There are 2 protein chains.
Amino acid sequence: MELTDRKRQILKVVVEDYIRTAEPVGSKAIAEQMGGSVSSATIRNELSDLVDLGYLEQPHTSAGRIPSPKGYRLYVNELMERQKLSILETEKINEALHGKMEQLDHLLSQAGRAISSFVNYPAYVAATGRKNLTARRFDLLAVDEHSCIVVMMMGDNRVKSQLLRLQLKVDLEQMPTLVNLLNSHFTGVPTAEMNKRLMSVAEEISPQLFLLLSQTIAYAVDVLEEAGQREIITAGASQLLKLPEFRNADKAHELMNFLSESKENLPMPDDGPMQILIGPENVTDALKDTSVVVASYDIGDNMRGLIGVVGPTRMNYATVAARLSGFAEGLTRLFEKQELPPKEEPKK
Amino acid sequence: MELTDRKRQILKVVVEDYIRTAEPVGSKAIAEQMGGSVSSATIRNELSDLVDLGYLEQPHTSAGRIPSPKGYRLYVNELMERQKLSILETEKINEALHGKMEQLDHLLSQAGRAISSFVNYPAYVAATGRKNLTARRFDLLAVDEHSCIVVMMMGDNRVKSQLLRLQLKVDLEQMPTLVNLLNSHFTGVPTAEMNKRLMSVAEEISPQLFLLLSQTIAYAVDVLEEAGQREIITAGASQLLKLPEFRNADKAHELMNFLSESKENLPMPDDGPMQILIGPENVTDALKDTSVVVASYDIGDNMRGLIGVVGPTRMNYATVAARLSGFAEGLTRLFEKQELPPKEEPKK
DNA sequence: TTTAGCACTCCGGGAAAGAGAGTGCTAACC
DNA sequence: GGTTAGCACTCTCTTTCCCGGAGTGCTAAA
C-alpha cells in the first residue's frame, strides 16, 4: 500500500486537529477541513489504510483517529510547515533576553522562564560546563594581618575572588613570591593535578606561605570544578497541569518530579541545531509519552548550551520549534556580543 | 458554653486524626481513640458543641467533623505537643547542609530542596538582601593594554570581581591613582549616590581614566544592587500533587503557579523565630486555604533569612515545626561558622 | 450527665439506560 | 476502480437511579 499524497494530506489534518483539540479526529471533520472535495466515506477508507500503515491509532473501535509516534514523526519531518516568527514575537524574545551576562545563572533561569511562558510548556536550559577549565592568572591582595583576597582569572576570562582568612600571619613582603609561584606553577593546570603540584612545591617555601598557598589552591579547585559542571535549570513545570493529558495527578506528578529531581536525564543531544524527540524516541522512561524539542546555542566560539521544551506528544511542534530556535539564536547573539574572551588561550 | 478539658482533648484527637487521614472524623472513632471511657453518643454531644463554638466544621449533615481554621489555631497554640528531632533527623539535617558558603544561591536552593523532601511539602527559602550594602575596598589589576580586573570587597566581606575591557588605553602608572580615588571617594557610599560622586570627580582626571572609572562604578553599582535584592527560592512544588486536597488539577495549578511566579508574595513575617499561618490567616488569596510554617535564621550578626513550608491546612504542624526549626538552627550555625566578617564596618 | 436506640441524611459506588459520535461494510454509482 | 450513500453496529460518556454504609441528631431512660 502506498502513502499517496491524499493520505499525507489527511495525516496532516489529523495531526493538526488533534494537536489543537486533544480529541480523536473523525472522518467527517476531516472531510470538512479538506474543503468537501471528498466524502467522509472516502476518508474512512483512507484512515483505515493509515492505521494499517502505522501512522494513526484508534483509541477504540468506534472512535476517531489519533496520530501515532510514527505519524508525528512523518508530520514533523515532511508535512509540517515551518513557521516564521512574527516581528512582534522576535521583539518579545529579545526583550526577554535583556539580562546581564555577569550572572550566568540568573540569565539562564530567566531565559528558561521566558521560553516556558512563551510556548506554554515546561522548559529547560543547560549550560555545558567547560570541563578542562584552568586558571589563567592568580593575584593575592593583602587586606590585613589575618586576611587577604584571592583573585583568579579562569581560562574563559571569568574572574572569581574571595576573602581568605589566614590561619597564620604572613609576611607581606612574601606575597609577591607567592603570586609568582602561583602563576608559574598553577596556571594552565587541570584541577586533578593541582594537589600533586602543591606537594611538589611544599619544601621550597615556608610553612606559613604553604598554608596560604594550599588555601588558595583549595579555593581554585573548588571554583574550577564548580565551573566545570553542567548546570541544568528547569522552569514552568506547572504549565503541565493545564494540559488535558496531565489532569491525572499521578502522571503530572511523575513528570514534574522528574523535571525537578532528575534533570540530568533530560535529553542533551550533541548534534545539529535543533532536535525533536517524539514519545518513545526518548530514552528516558519518564519521557516515553512526552515529546521534547531541544535547540542549541553557542556560548562564545567553542562552547554550546542547550534549551529544550517538554510537552505532550501532541505538542505544537511548528510553533515550539520556531520560538525555540528564536530563543537559541537570541542567546547565541547575546553571548557573541557580551562574551568576554578578547583572546583565547593560544593552544599551540 | 465552656471549652472543657474534655472538649479540648476531643479537638486534639480530631485534628490529629484528620491530619493523618484527610477524612472527616466520626464520633465512634474518637470514642475508641479516647480509650473507651465515654460512649460515642457523649462524643456526639461534645462535637456538636465544638461546632457551635467554631472549632470544628461539618462538610455535610451526616459526615464526621473536620477542624476549622480556628480549631487548628487552638491546636497549634495550646494542644499540640512540641516534637523533638531524633538524633537521626538532626544528623540528616546537618548532612543536607554541608554546602559551601561561597555560592550562596546554591547553598540556599540546596537547603530548600532538602527541607522540602524532609517534610514532604513545598518549601521556600529567602535571603534578605542587605539593602545598604556598600563597597569597602576596590582594587584594579592590570591584565594587558585592553583589559584589567576590577575587584571589589563589599561591606559584608564578600568579594566580587570581573574582567573589564577598556575602550581606551590606560597608562599603567596611573592605575594606583585610580585605585586611590576609588577607595577614597567610593567606599561606604550607597549606590544611589555613586553617580553623583562620579560626576564630581570627572574634572580631576583624564578622560581615559574617567572612562575606566565609570566602567568600574557601573560594575560596582550592578553588583551592590544585585546583592541588595531579596532572593526567594522555591523547591518541591510537585510534592503537592501527592496530597488528596490537590488531586484537583486546577487547585494544584493555581498554587504551583503562585509558588513559581509570585514568590514575592510568600509570607515574610519579621518577628519571632517561627510563625505558623493557618488558612485564612494568610493575606494572599492563593494561600487562603493552605497553611504556611516559616522560621527565620541568622546570617551573621545582623541579617536574617527565612525558610518556610507551604502545605494544606491539615499540615502536620508538630513535625514540620520541629524539622523546620532544626533547619533554621542548622543554617544559623552554618553562617556563624562560615560567615566571613572578622570585623564589621564600624558604624560610628 | 451519660447512654442506648433508632430514624434520618448524605455520600459514594455500581448498574442500567440512553445519547452521540464514529466506524465498517455493502451496494450502488460514475 | 475509486467514490459515495446508507445503515447497522460498537463503544464511550453522561445521566439517572438505587442501595449500602457511615454518621448524625434526637429522644427517652439510666
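Just so we're clear, the structure is a prediction, and the values are computed from it rather than from any experiment. Below, chains carry the letters A, B, ... as their sequence lines are ordered, and counting in each starts from 1.
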### Task
Measure from CD1 on Ile43(A) to P on dA21(C) and round the result to the nearest Å.
19 Å
### Task
Quickly work out the Asn45(B) CG to dT24(D) P distance and round it to whole Å.
11 Å
## Note on the structure
Per the under-4.0 Å heavy-atom filter, residues of residues 3-23 of chain B near DNA chain C come out as Arg6(B)
Under 3.5 Å, which donor-acceptor pairs do the side chains of residues 67-76 of chain B form with other protein atoms, sequence neighbours left out?
unit_1   : atom_1 : unit_2    : atom_2 : d
Ser68(B) : OG     : Gly54(B)  : O      : 2.6
Ser68(B) : OG     : Tyr55(B)  : O      : 3.2
Ser68(B) : OG     : Lys70(B)  : N      : 3.3
Ser68(B) : OG     : Gly71(B)  : N      : 3.1
Lys70(B) : NZ     : Leu53(B)  : O      : 2.8
Arg73(B) : NE     : Glu281(B) : OE2    : 2.9
Arg73(B) : NH1    : Asn77(B)  : OD1    : 3.1
Arg73(B) : NH2    : Ile276(B) : O      : 2.7
Arg73(B) : NH2    : Glu281(B) : OE1    : 2.5
Arg73(B) : NH2    : Glu281(B) : OE2    : 3.4
Tyr75(B) : OH     : Glu16(B)  : OE2    : 2.9

### Query
For DNA chain C, which residues in residues 25-42 of chain A have a heavy atom at a distance below 4.0 Å?
Gly26(A), Ser27(A)
### Task
Taking all heavy atoms of Leu79(B) and all of Arg8(B), pick out the closest pair and write down the distance.
CD2-O, 3.6 Å
### With Arg247(A) via salt bridge (charged side-chain N to carboxylate O under 4.0 Å, His left out) - residues at least two apart
Asp250(B)
### Sub-4.0 Å heavy-atom contacts from residues 47-68 of chain B onto DNA chain D, ordered by number
Leu47(B), Gln58(B), Thr61(B), Ser62(B), Ala63(B), Gly64(B), Arg65(B)
### Message
Can you confirm whether more than 12 heavy atoms, excluding those of Glu81(B), are under 6.0 Å from its CD atom?
### Response
no
#### Entry: Side-chain ion pair, Glu245(A) and Lys251(A), N-O less than 4.0 Å
no
### Message
Rounded to whole Å, how long is the line connecting atom CZ of Arg44(B) with atom P of dG23(D)?
### Response
10 Å
### Task
Please name all residues satisfying side-chain hydrogen bond (donor to acceptor under 3.5 Å, both in side chains) with Thr319(B), sequence neighbours left out, ordered by chain then number.
Gln83(B), Asn316(B)
### Query
For the atom pair CZ (Arg314(A)) and CG (Asp17(A)), what is the distance rounded to the nearest 0.5 Å?
11.0 Å
### Task
Would you kindly say whether Ser291(A) and Tyr317(A) are connected by a side-chain donor-acceptor distance under 3.5 Å?
yes
### Message
I'd like to know if Glu89(B) and Arg323(B) make a salt bridge, using a cut-off of under 4.0 Å between side-chain N and carboxylate O.
### Response
yes
### Side-chain H-bond candidate by donor/acceptor type, Lys12(B) with Gln9(B), under 3.5 Å
no
